[in-house]
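Here's the structure, in structure tokens; my notes come after.
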Amino acid sequence: MKMLAKTLFSLLFILGMSSALPAAAQAQAARGTADEAVAMVKRAAAYLAKNGKDKAVAAFNDPNGEFVSGDLYVIMLDEKGVALAHGQNPRMVNKNILELMAGDVYPIKEFIKIANSPAGHGWVKYQWPNSISKKLEQKSTYVERAGEYYLGVGVYQ
């Protein structure tokens with residue numbers, strides 16, 4: 001009985017302390033994984049195929065919807081590099097971001113290049129401001145071609 005009480009006290013102490021973690025540690029714990037990014041792109045592609053462009057754009061741009069989760073969000077581009085959806089930054093929507101440079105990389109050009117490759121999908125690495133931590137961080141985005149559109153979801157390293 002004494003051992004059970006001691007274990008229960010330790011567990012409650014640890015759980016209570018988790019709320020005292022620094023914001024950076026909490027943000028790190030909330031980071032999406034590569035597997036989650038790929039799965040979200042696959043779900044987004046299926047949603048687009050089933051519901052069409054307009055409904056998909058609305059769903060992908062909904063900050064409280066199923067295609068935004070912590071630091072994971074869908075970006076949807078057309079063949080010219082116009083952002084049709086960006087789950088974390090509505091100011092990018094309907095803007096041509098093809099020439100956007102992140103460090104020494106043009107990520108949108110790389111997204112399109114990789115999605116147009118024989119595989120039709122892959123990863124692009126670049127520096128990007130984390131919408132949660134507000135810091136410039138290394139990011140890898142999984143991109144995939146979905147009909148005439150390009151879908152991507154990135155993870156911070």
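Residues: numbered from 1 along the sequence shown. Remember, predicted model here, so these are calculated numbers, not experimental data.
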Could you go through Ile112 and Leu98, starting from their C-alpha distance and side-chain angles, then the distance that decides it, and tell me whether this counts as side chain to side chain contact (heavy atoms under 4.5 Å, CB included)? CA-CA 9 Å; Ile112 292 171; Leu98 187 65; 3.9 Å; yes

More than 12 non-hydrogen atoms from neighbouring residues, nucleotides or ligands closer than 6.0 Å to NZ on Lys125, yes or no?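 Check fails, neighbour count at 12 or below.
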
Just wondering, more than 12 heavy atoms not from Tyr106 lying within 6.0 Å of its OH?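 No, not enclosed.
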
What do the steps show when you test Thr141 against Trp123 for side chain to side chain contact (heavy atoms under 4.5 Å, CB included), and what is the final call? CA-CA 5 Å; Thr141 295; Trp123 291 90; 5.6 Å; no

For Asn61 against His86, the heavy-atom pair lying closest together: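 Distance-wise, the nearest heavy atoms are OD1-N, 2.8 Å.
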
[X] side-chain N/O to [Y] backbone N/O, donor-acceptor pair under 3.5 Å:
X      : Y      : result
Asn96  : Lys80  : yes
Asn130 : Lys134 : no
Asp71  : Gly32  : yes

Does the distance from a Lys or Arg side-chain N to an Asp or Glu carboxylate O, for Arg31 and Glu137, drop under 4.0 Å?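 Counted as a salt bridge, because a side-chain N and a carboxylate O are separated by less than 4.0 Å.
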
SB check Lys109 Glu99 (cutoff 4.0 Å):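 Yes, Lys109 and Glu99 are salt-bridged.
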
Quiz question: by atom type and distance under 3.5 Å, do the side chains of Tyr156 and Ser140 form a donor-acceptor pair?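 No, no side-chain donor-acceptor pair sits under 3.5 Å.
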
Mind checking whether Phe60 and Tyr73 have ring centres under 6.0 Å apart?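 No; Tyr73 has its ring centre 6.0 Å or more from that of Phe60.
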
